[in-house]
Asker: 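Take a look at this one; I'll ask things after.
Computed from heavy atoms alone, side chains included, the values below leave out hydrogens, waters and symmetry copies. Predicted model only: the values in this text are computed from it and were never measured.
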Protein chains: 2
Amino acid sequence: MGPTSRAHQREQTIRTLVTEARRLFAGRGYGAVGLAEIVAAAGVTKGALYHHFDGKAGLFRAVLEQVQQEVAARVAAAAERHDDPWERLTAGCRAFLAAGSDPEVQQIMLVDGPAVLGWSEWRAMDEAASARHLAEALQGLIDDGTIAFQRVEPLTHLLSGAMNEAVLWLARPGPDGDHPDHPDHPDHPDHPDHPDHPDHPRDLADTMAALTRMLESLRS
Amino acid sequence: MGPTSRAHQREQTIRTLVTEARRLFAGRGYGAVGLAEIVAAAGVTKGALYHHFDGKAGLFRAVLEQVQQEVAARVAAAAERHDDPWERLTAGCRAFLAAGSDPEVQQIMLVDGPAVLGWSEWRAMDEAASARHLAEALQGLIDDGTIAFQRVEPLTHLLSGAMNEAVLWLARPGPDGDHPDHPDHPDHPDHPDHPDHPDHPRDLADTMAALTRMLESLRS
DNA sequence: TAGCGTGACATACCGACGGTATGTGAATGT
DNA sequence: ACATTCACATACCGTCGGTATGTCACGCTA
């Protein structure tokens, strides 16, 4: 079975640590989770954690990196299913809003990320993971004249910020408690009436419509 | 001089505590500032702090409330200098981007706020302070047909998020260190006279231009 | 294959921090 | 005047992030 080689053990420990930390950070936020809880869930001790990461923030950085990679992958996959640059952009935005429905994305990537690592480092990581693709897509549309000539950076940050906030708003808890403490998954949805978690199912569509209108308006 | 009445002492202590906490939180972030440092700067002890606030987060809440009030006041003041609803909106947005040049606004209101109090409470406070005015302005423009008919909430959050991110991006440190550690108070109490800095003077103009274009595009 | 260096942890411990319980003296109502 | 309450100060506690040190298995070399 699993060969107990050094490299394998190392990788295994790191993976478990990141996975459990991700689960706990997403559930109760960075500040409310202690290292003791993390290492207990991972079945190791603090010694192991500090052997592989430089402290709590370092572990969080690894978690954030993983989350960002996954979001970026989902967005890229959605974009690549289209050929027209404009379609690629809108599809990517749609995929981002959809990916944000994951509570892990909201809490780790959008709420705790900037506060724990500082805004500039968070921005740099987001840039490397996904904002770069957004900027490239926009630049392409500017170059071929699809949207009005302008610098990409301001536009990129405006759109990026708009979508980040939209993700958090879309995930807001409904009138009833959405996840009082743990986003646990009981087999029975509260209201079997409606399909699934969009508390306000029209919000996603309306938000995407407004976003599309904003993008559309940039056409020259 | 100061009448040493109970109410006066109370108010004085609270004000000093909030002021010093605001300065320290803005300078090094919520997590890096201890209560001991705050109460020492305010010239009181932890007993006083816990007598007036319910813990560190409670003090931060009071600080955030103050910062949000000030930003909202500046935005409102800028908006009220115009009569045309459209001008009021754009002027308000411009004032918000300018108000964000204050490092206290960036760190306290935009970075630590959501992480410390949780996104939903932060959102509720922002809603009460300023986002409500944005929503009302947009609703007015929708009602009189200036911009396309649509729900206000998605639009409000998209614009709010866009501007929040824009503020942080505009304040990014230049190639040289902007504020090595302490952006601590120069002798000039608040605004030197110009909002301040821009490391990249064209960024603010370009961002405002892009934002205006986005708004303009919503016209029906 | 015996030995040995190194990597991958576990254990024990420390200082600091957020929070609480209790004491105290001045201001205030009666 | 006296009692009460308020606005703190003091002393203390549990927990947490971080560190120093110990230990044992793996893997390379001779």
Asker: With respect to the side chain of B/Thr45, which nucleotide from C/dA8, D/dA7, D/dT10 is positioned closest?
Answerer: D/dT10
Asker: Considering only NZ, NE, NH1 and NH2 on the basic side and carboxylate oxygens on the acidic side, decide whether A/Glu153 and B/Arg172 come within less than 4.0 Å.
Answerer: no
Asker: Would you compute the distance between atom CG of B/Leu97 and atom CG of B/Asp203 and round it to the nearest 0.5 angstrom?
Answerer: 11.5 Å
Asker: Nearest 0.5 Å, please: how far is CZ in A/Arg15 from CZ in A/Arg10?
Answerer: 13.5 Å
Asker: Rounded to the Å, how far apart are B/Leu17 CG and D/dA7 P?
Answerer: 14 Å
Asker: Have a look at A/Gly55 and say if it touches a base, only the backbone sugar-phosphate, or nothing, with a 4.0 Å heavy-atom cut-off.
Answerer: sugar-phosphate
Asker: For a quick test of reading the model, state the closest non-hydrogen atom pair linking A/Cys93 to A/Leu211 and the distance between them.
Answerer: CB-CD2, 4.0 Å
Asker: Does A/Thr13 put a side-chain nitrogen or oxygen below 4.0 Å from OP1 or OP2 of C/dC9?
Answerer: yes
Asker: Can you tell me the distance, in whole Å, between the CD atom of A/Gln12 and the P atom of C/dA8?
Answerer: 14 Å
Asker: Atom CZ of A/Phe53 and atom P of D/dG17: how far apart are they, to the nearest Å?
Answerer: 15 Å
Asker: For C/dA8, take OP1 and OP2 only and decide whether either is under 4.0 Å from a side-chain N or O of A/His51.
Answerer: yes
Asker: Would one find a side-chain N or O of B/His52 under 4.0 angstrom from OP1 or OP2 of D/dC8?
Answerer: yes
Asker: In this structure, how many angstroms lie between the C1' atom of C/dA8 and the NE2 atom of A/His8, rounded?
Answerer: 15 Å
Asker: Return the value, rounded to whole Å, for the distance between atom CD of A/Gln9 and atom P of C/dA8.
Answerer: 9 Å
Asker: Separation of B/Arg10 atom CZ from D/dA9 atom P, in whole Å?
Answerer: 14 Å
Asker: To the nearest angstrom, how far is B/Ile14 atom CD1 from D/dC6 atom C1'?
Answerer: 13 Å
Asker: Would you say that A/Leu110 contacts B/Trp119 through its side chain, given a criterion of any heavy-atom pair below 4.5 Å between the two side chains?
Answerer: no
Asker: With 3.5 Å as the limit, what N/O pairs link the protein to nucleotides 14-18 of chain C?
Answerer:
from: C/dG18; atom 1: OP1; to: B/Lys56; atom 2: NZ; distance (Å): 3.0
from: C/dG18; atom 1: OP2; to: B/Leu35; atom 2: N; distance (Å): 2.7
from: C/dG18; atom 1: N7; to: B/Lys46; atom 2: NZ; distance (Å): 3.4

Asker: Got a list of side-chain donor-acceptor pairs under 3.5 Å for residues 30-45 of chain A, not counting sequence neighbours?
Answerer:
from: A/Tyr30; atom 1: OH; to: A/Ala57; atom 2: N; distance (Å): 3.3
from: A/Glu37; atom 1: OE1; to: A/Arg28; atom 2: NH2; distance (Å): 2.7
from: A/Glu37; atom 1: OE2; to: A/Arg28; atom 2: NH1; distance (Å): 3.0
from: A/Glu37; atom 1: OE2; to: A/Arg28; atom 2: NH2; distance (Å): 3.1
from: A/Thr45; atom 1: OG1; to: A/Gly47; atom 2: N; distance (Å): 3.4

Asker: Could you list the donor-acceptor pairs under 3.5 angstrom formed by side chains in residues 122-135 of chain B, with sequence neighbours left out?
Answerer:
from: B/Trp122; atom 1: NE1; to: B/Met109; atom 2: O; distance (Å): 2.8
from: B/Arg123; atom 1: NE; to: A/Glu165; atom 2: OE2; distance (Å): 2.8
from: B/Arg123; atom 1: NE; to: B/His157; atom 2: ND1; distance (Å): 3.4
from: B/Arg123; atom 1: NH1; to: B/Asp126; atom 2: OD2; distance (Å): 2.7
from: B/Arg123; atom 1: NH2; to: A/Glu165; atom 2: OE2; distance (Å): 2.8
from: B/Arg123; atom 1: NH2; to: B/Ser160; atom 2: OG; distance (Å): 3.0
from: B/Asp126; atom 1: OD1; to: B/Ser130; atom 2: OG; distance (Å): 3.4
from: B/Arg132; atom 1: NH2; to: B/Ala128; atom 2: O; distance (Å): 3.4
from: B/His133; atom 1: ND1; to: B/Ala129; atom 2: O; distance (Å): 3.4

Asker: Rounded to whole angstroms, how far apart are CG on A/Leu49 and P on D/dC16?
Answerer: 15 Å
